[in-house]
Amino acid sequence: MKNTFIRQTLFAILWLLALETNSRDIQLSWLQFRQLSTLNGLPTNEVRRIYQDKEGHIWIATTSGLCQYDGYQLKTYKTNLYTPQRLSNNNIRCLSEDTDHNVWIGTNNGVNIMNKLTGEFRELSDHRFHNNVINAIYTTSTGITYIGSDKGLFPLPGRDRLLLYIRPGKHEGGSRPLQYTAPL
């Protein structure tokens with residue numbers, strides 16, 4: 001009798017697992033995937049980062065420019081003969097979005113900021129970012145944007161726009177880094 005109960009329980013578990021597997025296949029069958037490549041408008045197949053903003057747009061950082069995909073169309077932003085001041089460098093390394101609807105763009109030559117509402121680009125004018133490879137950008141929910149590069153970590157408070165610089169490496173008197181602020 002105990003043996004029969006174990007068999008029935010095991011059969012019920014296997015039957016439920018089979019139903020779960022079949023229901024997952026049915027639920028996922030409506031998903032459709034579309035590959036984006038140079039054939040669809042990407043400037044290159046070398047993609048460094050992919051980021052989805054709050055509105056659902058997909059931002060693609062490539063070695064030849066920045067792309068925005070809305071699910072239907074792909075739009076490319078890059079510096080060229082017709083738009084020489086758009087980006088400080090077309091080799092995009094990282095992306096982030098702040099609380100003011102700006103996309104922060106880290107390149108091989110500094111930081112650019114795109115206002116998503118107006119479509120305007122500007123370069124972050126601090127001299128420490130020029131000729132500096134930006135490897136990471138992260139914005140917190142409180143509005144602080146952290147910029148990471150080989151020269152250090154740069155937290156930018158939201159609206160104050162003062163730059164706090166934390167130099168990498170060992171520091172005198174322990175592990176506390178040297179810090180100072182400078183207006184942007």
Side-chain angles (χ1 to χ4, degrees), residues 18-126 129-150 153-159 161 184:
L19 280 178
E20 178 67 24
T21 303
N22 287 337
S23 67
R24 282 187 189 163
D25 292 340
I26 292 169
Q27 290 174 358
L28 297 178
S29 65
W30 63 272
L31 289 177
Q32 294 181 358
F33 292 92
R34 182 174 171 209
Q35 180 179 351
L36 297 176
S37 68
T38 54
L39 299 174
N40 307 96
L42 276 178
T44 180
N45 286 330
E46 298 176 58
V47 174
R48 290 190 179 266
R49 297 281 192 277
I50 299 174
Y51 177 80
Q52 185 172 14
D53 68 14
K54 294 170 188 152
E55 287 82 28
H57 294 118
I58 304 293
W59 295 87
I60 304 167
T62 74
T63 56
S64 295
L66 175 66
C67 299
Q68 178 187 16
Y69 182 63
D70 64 3
Y72 302 100
Q73 293 180 335
L74 190 69
K75 184 172 185 177
T76 301
Y77 302 97
K78 62 183 183 176
T79 295
N80 56 34
L81 183 62
Y82 304 107
T83 57
Q85 301 300 320
R86 183 168 279 169
L87 294 168
S88 56
N89 190 287
N90 285 329
N91 196 342
I92 312 299
R93 301 186 64 88
C94 53
L95 301 165
S96 184
E97 180 182 15
D98 67 15
T99 55
D100 295 327
H101 301 287
N102 295 310
V103 175
W104 291 65
I105 306 158
T107 73
N108 271 3
N109 188 22
V111 178
N112 300 101
I113 302 169
M114 177 192 178
N115 183 322
K116 292 191 312 183
L117 302 176
T118 65
E120 293 178 5
F121 286 81
R122 68 181 174 91
E123 187 174 354
L124 200 57
S125 60
D126 191 282
F129 294 123
H130 297 289
N131 298 319
N132 192 357
V133 176
I134 306 302
N135 295 309
I137 299 178
Y138 177 76
T139 304
T140 66
S141 60
T142 59
I144 299 173
T145 299
Y146 291 89
I147 300 173
S149 74
D150 295 336
L153 176 65
F154 303 86
L156 271 65
R159 301 200 187 276
R161 299 299 183 212
L184 292 179

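What's counted below: heavy atoms across the whole structure, side chains too, no hydrogens, waters or symmetry copies.
- Looking only at side-chain heavy atoms (C-beta outward), I147 and W104 come within less than 4.5 Å of each other.
- Looking at heavy atoms from C-beta onward, E46 lies out of side-chain contact with T62 at the 4.5 angstrom threshold.
- The backbone N or O of N109 sits less than 3.5 Å from a side-chain atom of S88, completing a donor-acceptor pair.
- T139 is listed as a side-chain neighbour of T145, based on a closest heavy-atom distance under 4.5 Å.
- Heavy atoms from other residues, nucleotides or ligands lying under 6.0 Å from CD of E55 number more than 12.
- Taking every heavy atom of both residues into account, R93 and N108 meet most closely at CD-OD1, 2.7 Å.
- Put simply, the side chain of L36 does not reach to within 4.5 Å of the side chain of V47, judged on heavy atoms.
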Evaluate the side chain to side chain contact (heavy atoms under 4.5 Å, CB included) criterion for residues I105 and M114: first the C-alpha distance (whole Å), next the side-chain angles of each, then the deciding distance (0.1 Å), finally the verdict. CA-CA 8 Å; I105 306 158; M114 177 192 178; 4.2 Å; yes

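- Counting heavy-atom neighbours within 6.0 Å of N131 CG, excluding the residue itself, gives a total of 12 or less.
- A side-chain contact (heavy atoms from CB on, under 4.5 Å) with T107 is found for exactly one of I134, N91, N112, V133, namely N112.
- Residue K78 holds its NZ atom at 8.5 Å from SG of C67, rounded to the nearest 0.5 Å.
- Counting heavy atoms from C-beta on, the side chains of H57 and K116 never come closer than 4.5 Å.
- With respect to L66, the side-chain contact (heavy atoms from CB on, under 4.5 Å) criterion is satisfied by exactly one of L95, I60, N90, T76: L95.
- No side-chain heavy atom of I137 sits under 4.5 Å from any side-chain heavy atom of Y51.
- Between the OH atom of Y82 and the OG1 atom of T79 there is a distance of 14.5 Å, given to the nearest 0.5 Å.
- Looking at N132 and S149, their side chains do bring a donor and an acceptor atom within 3.5 Å of each other.
- Side chains of N45 and S37: no donor on one and acceptor on the other come within 3.5 Å.
- Other residues, nucleotides and ligands contribute at most 12 non-hydrogen atoms within 6.0 Å of the OH atom of Y146.
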